[in-house]
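Remember, predicted model here, so these are calculated numbers, not experimental data. For reference, positions follow the sequence shown, starting with 1. Only this structure's heavy atoms are used, side chains among them; waters, hydrogens and symmetry mates stay out.
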Amino acid sequence: MSNAESLKRAFVLQAGWGEAVGSPFTGALMRAAARDFEDGGPTRDIVGDWSGDPIADALPTRFGGALHAAVVLGKDPALAAEYPDMRSDWDMQRVWPLARAFLTRERAWVRDFLRSPPQTNETRRTIALLPGFLAMARFGPLHLLELGASAGLNLMWDRYRYATASWRWGSGEGPLIDTQWYGAPPADLDVEVNVASRAACDRNPLDVRNADHVLRLRAFVWADQPERRERLEKAMALAREADIRVDRDEAGVWLAEKLARPLPRGVTIVYHSVVQQYFNAETNRAVDEAIAKAAAGADEQHRLARLRFEAIPVLGVEGPVELMGVELQYWPDGERRLLSRTDGHATRVAALDQAEAGAANLK
């Protein structure tokens, strides 16, 4: 497949994924961008020389985020007036000519925006991670270490409220996190959670006290998904109240420093969601080595766990490449379990006992 074909395919795939998780606007926008790319429009001019894997790099998400950023930043009032933020009866035949004009006029600004990976800080992913956290909470206080944490919103998962048709958990003041849940409820809903410490890192962290960073977070929420925007706003308000801060560092270096000390009593949980695809080989190796070294010192009073919400190919398990998996590994046992399959926004989660049936529902 040529570079041009892979770029166009990435936009078409993103269109399908957007539609699958309840964003018809994103689907229509990505299809318009794919057509514009094929026709040699400004989309091709902006992304045509992309050297990486456009799917692994989430290039279409970056591209859609750039256009939404133009809307939320007030860079194009005419485009903003046609976006779902302003009118529910949006029409891509009205939107795309304005988007195309903006892309032509602001080529340099858009290309600069595309340089940074998406930082959605999607709080809904915590409902897929929750069973892993609860399983480890049975062994004592939790010490949280999040990699690629963006603004650190998912560092406060225990202060959110969770609800599905079959189970509920939590009574915190944070946003309500819901999903379509397939399979048995998590086995440890009765556990008492004690988070003893929290820390996080990101190569380019966002700060919810910084107005520009807040606008960037808002830009990566798809324009026709007000429920996601509401969750984001509530999570950011809670993060400001809790004074959540994220360290600026490379994940491998930061984790090696954090795990250099003896493990504290309880469970140290290293976790991350949709970040490994952005790590280079050196960072992934450094993270693995830091965990392996710390795992050698784990015992029943000082446990270590790794909880991952990552793409199926990253986890190395079978399944459709467009899906995500949630995997838990913990020591001193060394046991490794795939807990569920889900989509990138955790709109539907298939627990392991229903993983195959659930995967069909995720397509």
*Cation-aromatic face contact Arg228/Trp222, 6.0 Å, 45 degrees*: yes

*asked:* For Thr26 and Met30: C-alpha separation, side-chain torsions, deciding distance, then whether side chain to side chain contact (heavy atoms under 4.5 Å, CB included) applies.
replied: CA-CA 6 Å; Thr26 296; Met30 292 296 106; 4.1 Å; yes

Test item: [X] side-chain N/O and [Y] main-chain N/O as donor-acceptor pair under 3.5 Å:
X	Y	answer
Arg203	Glu250	no
Gln119	Asn204	yes
Asp224	Phe25	yes
His68	Val221	yes
Glu122	Arg124	yes
Glu327	Arg336	no
Asp57	Leu59	no
Asp53	Ile55	yes
Thr179	Trp181	no
Asp207	Ala151	no

_What verdict does the ring-ring contact (aromatic ring centres under 6.0 Å, His included) test give for Tyr271 and Phe309, after you've listed the backbone C-alpha separation in whole Å, the side-chain angles of each residue and the deciding distance to 0.1 Å?_
CA-CA 8 Å; Tyr271 70 103; Phe309 180 124; over 10 Å; no

When you check the gap from the basic side-chain N to the acidic O, do [X] and [Y] get nearer than 4.0 Å?
X	Y	result
Arg111	Asp49	yes
Arg306	Asp288	yes
Glu173	Arg161	no
Asp36	Arg44	no
Arg245	Asp247	no
Arg105	Asp76	yes

*Take Asp178 and Arg231, measure what side chain to side chain contact (heavy atoms under 4.5 Å, CB included) needs, and give me the verdict at the end.*
CA-CA 10 Å; Asp178 60 1; Arg231 285 197 301 271; 4.2 Å; yes

Are any of the side-chain heavy atoms of [X] and [Y] separated by less than 4.5 Å?
X	Y	result
Met324	Val274	yes
Leu338	Val326	no
Leu259	Lys293	no
Tyr160	Leu176	no
Gln180	Thr347	no
Val270	Leu307	no
Phe63	Leu29	no
Trp96	Leu103	yes

*Can His272 and Glu146 be said to form a side-chain hydrogen bond (donor to acceptor under 3.5 Å, both in side chains), step by step?*
CA-CA 6 Å; His272 44 88; Glu146 186 181 7; over 6 Å; no

*Where does the angle between the aromatic ring planes of Phe220 and Phe113 fall among parallel (under 30°), tilted (30 to 60°) and perpendicular (over 60°)?*
tilted

*Test side chain to side chain contact (heavy atoms under 4.5 Å, CB included) applied to Thr61 and Gln14, step by step*: CA-CA 8 Å; Thr61 298; Gln14 184 65 38; 3.6 Å; yes

*Tyr278 and Gln276: side-chain hydrogen bond (donor to acceptor under 3.5 Å, both in side chains), yes or no, with the steps?*
CA-CA 5 Å; Tyr278 304 116; Gln276 277 192 271; over 6 Å; no

_Are there over 12 heavy-atom neighbours, none belonging to Glu335, within less than 6.0 Å of that residue's CD?_
yes

So, for [X] and [Y], which heavy atoms are closest and what is the spacing to 0.1 Å?
X	Y	value
Ala219	Val72	CB-CG2, 4.2 Å
Asp243	Arg209	OD1-NH1, 3.2 Å
Gly174	Leu238	CA-CD2, 3.8 Å

Indicate, with yes or no, if [Y] and [X] share a hydrophobic cluster defined by side-chain heavy-atom contacts under 4.5 Å among Ile, Leu, Val, Met, Phe, Trp and Tyr.
X	Y	answer
Tyr83	Trp90	yes
Leu263	Val287	yes
Leu315	Val275	no
Val191	Trp167	yes
Val253	Leu147	no

Extract all donor-acceptor atom pairs below 3.5 Å that involve side chains of residues 125-144 and protein atoms in other chains or at least two apart in sequence.
{"from": "Arg125", "atom 1": "NE", "to": "Gly344", "atom 2": "O", "distance (Å)": "2.8"}
{"from": "Arg125", "atom 1": "NH2", "to": "Gly344", "atom 2": "O", "distance (Å)": "3.2"}
{"from": "Thr126", "atom 1": "OG1", "to": "Thr123", "atom 2": "O", "distance (Å)": "2.7"}
{"from": "Thr126", "atom 1": "OG1", "to": "Tyr162", "atom 2": "OH", "distance (Å)": "3.2"}
{"from": "Arg138", "atom 1": "NE", "to": "Asp188", "atom 2": "OD1", "distance (Å)": "2.5"}
{"from": "Arg138", "atom 1": "NH2", "to": "Asp190", "atom 2": "OD1", "distance (Å)": "2.5"}
{"from": "Arg138", "atom 1": "NH2", "to": "Asp190", "atom 2": "OD2", "distance (Å)": "3.3"}
{"from": "His143", "atom 1": "ND1", "to": "Ser197", "atom 2": "OG", "distance (Å)": "3.0"}
{"from": "His143", "atom 1": "NE2", "to": "Arg265", "atom 2": "O", "distance (Å)": "3.0"}

*Residue pairs passing the salt bridge (charged side-chain N to carboxylate O under 4.0 Å, His left out) test where at least one lies in residues 17-29, sequence neighbours excluded*: Glu19-Arg31

*Go through the side-chain N and O atoms of Ser150 and Asp202 and say whether any donor and acceptor fall under 3.5 Å apart.*
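The criterion, which ignores hydrogens and geometry beyond distance, is not satisfied for Asp202 and Ser150.
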
